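Working notes, structure below.
Note that the structure is predicted; figures quoted are calculated from it, not measured.
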Amino acid sequence: MSEQGPCCQKAHPLARDPVCGMRVDTANTVHRSDDAGQTFYFCCAGCKAKFDDDPRRYAQAPAALPGRAPDHVHAPSSEVAAAVKDPVCGMRVDPAITPHHAEHGGHTYHFCAAGCKEKFIAHPHAYLHERIAAVVVPGATYTCPMHPDVQQQGPGDCPICGMALEPMMPSLDEGDVHEAQAMQRRLGLLVTLTLPVFLLAMLPHAGLHWPAAWIGAVAWVEALLASVVVLWGGAPFFTRGWRSLSPWQPNMYTLIAIGTGVAWIYSALAFLLPQMFPPGFRDMHGRVAVYFESAAVIVTLVTLGDFLEWRARRRTGAALKALLGLAPKTARRISGSDEHDVALDDVQVDDVLRVRPGEKVPVDGVVLSGSSRVDESMLTGEPLPVTKAQGDAVTGGTVNRDGSFAMRVAKVGASTVLAQIVAQVAQAQRSKAPLQRAADRVAAWFVPAVISIAVLAFVAWAWFGPDPRLVHALLAAVAVLIVACPCALGLATPISIMVASGRAAQQGLLFKDAAAIEMLREVNTLALDKTGTLTEGRPALRTVVALDRYRRDDLLAFAAALERPSEHPLAKAILGAAKETQADIADVENFQVHAGSGVNGRVLRHDVAFGNAMLMDRLNVALDAAVHAQADALRSEGATVMFLAIDGKLEGLFAVGDRIKPDTPDAIAALQAAGMRIVMLTGDNATTANRVARTLGIDEVHADVSPAGKAAVIETLRKQGFRVAMAGDGINDAPALAIADIGIAMGQGTDVAMESAQLTLVKGSLHGILHARALSRATVRNIRQNLFFAFAYNVLGVPLAAGVLYPLFGITLSPMIAALAMSLSSVSVVSNALRLRGLRL
């Protein structure tokens, strides 16, 4: 955004922009071009660029070209007094002509273009007051990428590992950009200071010797530059290392602080007070060597490693940022006959909004009028738009393709589907996987062990090493401290979980925690509810059989009265049929739900019960052989049969049918081909359940099962040694979902089911289980690779730095090479985890 300068208080000469026709204040605008000896003035860089590309097209045009709508509408009015200042770009705008307006704080602001208005609505305070460097979110919670239990308000360092804390919820502001720029500037300055130190120290080893008169000055330059690098550039490392000693939780920065601190202090003393060192520190020429370049290079390389690791870790949050970016910044609110744009934060429940073609649905709601096709691929992964008409639910973040409709807001803020998805993904990313326990146990003794090895290496080199022994001993100890990297070990598991959770969200798979990602790969038995899981969950009423005193419509009205408070899919079928007959649905009193069997209550002074045979038996309602025969005949056609009793007497049978989901047969076959054992658990009658099972090729069926019975079946399967996942969508499935090794909720199911489950399939397709299982296996494989890299690196690097190969091959590891290897170890772990982003499911 280019700044146009403050709005002038007096009228300056105005010129017409030859591209869009806006009148431009020639004294304020910075956008101008010369052509054929004439100066042209423009409202923005876009108009200027178009003119420069084809000046002949616009030079003779007194205003916008006929038949071509300008990209943005400005004020062509010649009355300067009527013009006001656009608070974003500073241009003068005629409020009577521009269509771009926004309200804030009881005041109406006017804009030259839609882009300026959107920027203002997103962050009004940034334009109404002095500019601020970044948008600050008060009360933001920060956490450690390695230790999710560490949480605090605002940024800081982890007290356990010393790493910089990160926001638990990523944002779309420019904070990352500013942080990256600051880190790049710091790294660039360190490199600028370190390079001369390195060259001054290394050139004599390459045969270039300084004149005798220069040696003193060169030594001082090397010492001063290195001291700036270590004391200023390494200050964060020393601070974190010191903090780790207070609760005695040594970490990577403890090792770095000790290593670089010892190297610099030794070099400073050797440079300033060489006479204090005993002969063991002197070379064959009697000089005490200094290692300023090692300390400086170590600090710079560790800073480089931190920057590369930080940049790679930021990519792990790309999926969450993409989800956050789905929500629009503004919504078009309808107030009577007026429509105007408001910030999304100002939208309230029951507001009426207009959604135009090409716009994103702002929040969750219900269509009031109009119709359109909505692209819901961000939720379901399906590319084909879904038709939406009056009464249909729409979800915030989905895209309206062609039509226009008005909607009533049902959910805003954190209660919307998109916000819940983002929150669940963020929670999963910050949870700990069981595999991390091994890494945590190792990390607990890792740093003390490394310090012990460094001390042993010093003693061994000082006792058995070549002259100057103490110098070699010091370098070996520093190399051991620097090469060890508990950071790579700690990041191995959480970084893979973060990437996997984001990748899953892109596929409509929402894991509740890291343990679910790890466990799913071991599942070999899948238990499935029928209604809403295998079937569409949108049953329709097929038949009502009146047995005695009441007509069909009367029975339907009684059943609808009972089912109105219910969430069950069968209830929707009854209510839908009642609405078609325009039945007068009465209120229900003493309403009771019998989980897995039905409901009862008092309607129009009658005791009414509606449910399956289990409920009728519980309420002592007799079902004779003829009724059972009628019910079996209906079930043989694939229908679910419900009984209606009034005042203790059976009065009617209701047959409700539900279609099998189109993709269910293929999904069942694929799951079985992948080695999964499929079990159906349903509260429906055995006749109906067996018919569905035969159609789908399911061998094991448990019908007429209560919610507690479903949980009992799951428990029995687990005791038999099976790893069981349970998929369902209703309240009656919640106990089974909770007791299974992995509970899987269908996205269109009830909130209770989704709360009880460890995995939610947003699309509601069983194919998602295959995708989730493949992702689980790839994630665990990736975690094991990371742990192998981290363990192998340290197992090889620490002994090598200690000098175990020196007696046989004369090989040692300099502290500078150790620093480079340590920095790259964490980067390699993060980079390996990022491969999960490209996993094909």
Side-chain angles (χ1 to χ4, degrees), residues 121-122 169 172 319-335 339 341-382 384-427 505-506 508-510 512 532 537-538 567 569 572 729-731 745-755 757 760-764:
I121 291 175
M169 189 68 66
L172 295 176
L320 266 185
K321 287 196 172 187
L323 288 173
L324 288 171
L326 291 174
K329 297 289 190 302
T330 64
R332 191 165 186 82
R333 185 157 57 194
I334 301 175
S335 300
E339 295 184 10
D341 292 326
V342 296
L344 195 64
D345 291 341
D346 293 336
V347 175
Q348 303 293 328
V349 174
D350 290 333
D351 280 354
V352 179
L353 307 179
R354 171 77 63 194
V355 184
R356 294 168 292 190
E359 292 183 337
K360 293 180 179 178
V361 178
V363 290
D364 298 357
V366 178
V367 176
L368 289 179
S369 62
S371 63
S372 181
R373 293 186 307 148
V374 177
D375 181 357
E376 296 184 332
S377 57
M378 74 96 173
L379 285 176
T380 66
E382 288 293 333
L384 296 179
V386 179
T387 300
K388 298 291 183 179
Q390 183 177 358
D392 290 335
V394 288
T395 305
T398 57
V399 181
N400 181 28
R401 285 301 181 197
D402 39 38
S404 175
F405 60 86
M407 60 172 284
R408 184 177 298 280
V409 176
K411 295 180 180 179
V412 297
S415 62
T416 63
V417 170
L418 182 59
Q420 290 176 350
I421 289 175
V422 172
Q424 188 165 343
V425 175
Q427 176 186 342
Q506 292 174 336
L509 310 172
L510 304 181
K512 181 171 287 187
R538 294 192 297 269
E567 287 186 343
K572 296 179 181 179
D729 73 327
I731 294 175
M746 314 307 282
Q748 75 280 13
T750 62
D751 292 340
V752 175
M754 286 185 274
E755 283 296 323
T760 299
L761 308 180
V762 175
K763 183 181 175 183

### Query
Can you name the side-chain hydrogen bond (donor to acceptor under 3.5 Å, both in side chains) partners of Ser372, sequence neighbours left out?
Asn400, Asp402

### For Gln390, all residues meeting side-chain contact (heavy atoms from CB on, under 4.5 Å), sequence neighbours excluded
none

### Query
Taking it one step at a time, do Val347 and Val342 satisfy side chain to side chain contact (heavy atoms under 4.5 Å, CB included)?
CA-CA 7 Å; Val347 175; Val342 296; 4.1 Å; yes

### Task
Could you pull out all residues at least two apart from Ala389 that satisfy side-chain contact (heavy atoms from CB on, under 4.5 Å)?
Ser371, Asp392

Please set out all donor-acceptor pairs under 3.5 angstrom arising from side-chain atoms of residues 356-369, sequence neighbours excluded.
| residue | atom | partner | partner atom | Å |
| --- | --- | --- | --- | --- |
| Arg356 | NE | Glu359 | OE2 | 2.9 |
| Arg356 | NH2 | Glu359 | OE2 | 2.8 |
| Glu359 | OE1 | Arg356 | N | 2.9 |
| Lys360 | NZ | Gly325 | O | 3.1 |
| Lys360 | NZ | Leu326 | O | 3.4 |
| Asp364 | OD1 | Gly396 | N | 2.8 |
| Asp364 | OD2 | Val417 | N | 2.8 |

### Query
Who pairs with Arg354 by side-chain hydrogen bond (donor to acceptor under 3.5 Å, both in side chains), at least two apart in sequence or on another chain?
Glu339

### Set of residues satisfying side-chain contact (heavy atoms from CB on, under 4.5 Å) with respect to Thr387, sequence neighbours excluded
Arg373

### Query
How about Leu761 and Leu509: do any of their side-chain heavy atoms sit closer than 4.5 Å?
yes

## Note on the structure
To the nearest 0.5 Å, atom CZ of Arg401 lies from atom CG of Asp375 at 4.0 Å

### Message
Going by side-chain hydrogen bond (donor to acceptor under 3.5 Å, both in side chains), name the residues that satisfy it together with Asp351, two or more places apart in sequence or in a different chain.
### Response
Arg333

### Task
Mark yes or no for whether Lys329, through its side chain, and Leu344, through its backbone, hold a donor-acceptor pair below 3.5 Å.
no

